[in-house]
Amino acid sequence: MDAVEYEMLRHTWFPVARVADLKNGVTSGSILGEELVVYGDGASVTVAEGFCPHRGVALRLGQVSDGALQCPYHGWLFEAGSGRCTRVPSLPPGRDRPHTALRTYPAEIAYGLVWSCLAAPFLPLPRLPGYVDESWQIGAGEPYTLNCGMRQLTENFRDRAHFPFVHGDTMGDVAQVVEPYRIARDGWRLGWTSSMGSEKMPEDLAEEFDHHLDYRLTLPMFASICVSSPSGGRRLVAQVTAPVSADGLRVRQFWLAGTDAVSAEQGAELADVLGYERQVFEEDHPIVENQRPIEAPMDLHSQVHTAADRFSITYRRVYAELLESYKAGRR
Ligand code: FES
Ligand code: CO
């Protein structure tokens, strides 16, 4: 990625871990090559640099003690929020502690994920569509690490034409022809709708064919698909991809699944939806890790497109606009 994109992504919210992955109050994450430690009680969390300022031990090996992060090597304590060092156990009473603190980053919890950004965010934290309210059940699936670009993976999730070739085992006999679709745009959000018949979705998820799909994307990379079945129940899957390496060619794919109250009443279990979507993603992984270039090229002339690719072309164009807007705001 070029210097402007790198800089813009430093100012972008990304998930770094699932709340559920806090072990002894601690877990780790990474954005653009910066290794981070995440600590807290799950209701509030701190995101900080991943290594102890004393002798550089990985703080993800530590634990939370009285709300503070304790380094596993010499037991220094770093308080929640500020990252300030509040105790150095080896010092005799009355001796001054070194004035030091972990570098901390903005931290938010949303949808069971801990979000952070390396520098002041230039866009708000992205949200699921407004119809996903408290009556929905939302779960965060186990994230995957992939050798693939963030935009490449985001395009894959939005790409309808690959379903019959990649997802035969999970989706069955999906129509190969992609009917023309129009993309609506609202600021940095894109959306469109389509329909899909499939015979292989598990029966408790979908008893009939002909599903209505609502695609949403908030740039740079927060994507969701909501599937409405003819009986009125809705299921949602969302994908949010975070660049973990500085060159952006290694990513962590976080994802959510959800069921609305109607589909829950009809017997859809969130665990089944998570299990099904996991299978779907696993079918995509050999594809997205074997594309060249590894990141989707911004130069539209370097690849060949068809009408079915309207989304990825729009995404690339709007992403270029986002970069421009970021650059303009920086001046
Ligand atoms: Fe962390 Fe010494 S390395 S307390
Ligand atoms: Co796919």
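Both counts, for ligands and for their atoms, begin at 1 and track the order of listing. FYI, side chains are in, hydrogens and waters are out, and symmetry mates aren't considered; it's all heavy atoms of this structure.
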K.L.:
Is there a donor in the side chain of Arg158 and an acceptor in the side chain of Gln239, or the other way round, less than 3.5 Å apart?
P.N.:
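No, no side-chain donor-acceptor pair sits under 3.5 Å.
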K.L.:
Just wondering, is there an N, O or S atom on His54 that's nearer than 2.8 Å to atom 1 (Fe) of ligand 1?
P.N.:
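No, His54 does not qualify, because none of its backbone or side-chain N, O or S atoms lies under 2.8 Å.
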K.L.:
Write out the residue and atom name of the closest protein heavy atom to atom 3 (S) of ligand 1, then the distance separating them to 0.1 Å.
P.N.:
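Scanning the protein heavy atoms, the shortest distance from atom 3 (S) of ligand 1 goes to Arg55 N, 3.3 Å.
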K.L.:
Report, in ascending order of atom number, the atoms of ligand 1 lying under 4.0 Å from any heavy atom of Cys71.
P.N.:
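By the 4.0 Å cutoff, the relevant atoms are 1 (Fe), 3 (S), 4 (S).
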K.L.:
Quick one: do the Arg317 and Tyr315 side chains pair a donor with an acceptor below 3.5 Å?
P.N.:
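Tyr315 and Arg317 do not have a side-chain donor-acceptor pair below 3.5 Å.
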K.L.:
Which protein non-hydrogen atom lies closest to atom 2 (Fe) of ligand 1, naming both residue and atom, and how far is it?
P.N.:
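Minimum-distance protein heavy atom for atom 2 (Fe) of ligand 1 reads His74 ND1, 2.0 Å.
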K.L.:
Between the side chains of Glu5 and Tyr326, is a donor N or O closer than 3.5 angstrom to an acceptor N or O?
P.N.:
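Their side chains do not contain a donor-acceptor pair, so the 3.5 Å distance test is not met.
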K.L.:
If I take every N, O or S atom of Asp159, is at least one of them less than 2.8 Å from the Co ion (ligand 2)?
P.N.:
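No - counting backbone and side chain alike, Asp159 has no N, O or S atom under 2.8 Å.
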K.L.:
With Arg151 as the cation and Tyr319 as the aromatic partner, state whether NZ or CZ is under 6.0 Å from the six-membered ring centre and within 45° of the axis.
P.N.:
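Verdict for Tyr319: a cation-pi partner in Arg151.
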K.L.:
Show the atoms of ligand 1 that are less than 4.0 angstrom away from any heavy atom in Trp76.
P.N.:
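This gives 4 (S) as the contact atoms.
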K.L.:
Could Arg234 and Tyr131 be counted as a cation-pi pair, given that NZ or CZ must be under 6.0 Å from the ring centre and within 45° of the axis?
P.N.:
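Judged by the rule, Arg234 and Tyr131 form a cation-pi pair.
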K.L.:
To the nearest 10 degrees, how large is the angle at the Co ion (ligand 2) between His162 NE2 and Asp284 OD2?
P.N.:
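Taking the Co ion (ligand 2) as the apex, the two atoms subtend 150°.
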K.L.:
With the threshold set at 4.0 Å, does a side-chain nitrogen-carboxylate oxygen contact exist between Glu324 and Lys327?
P.N.:
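Yes.
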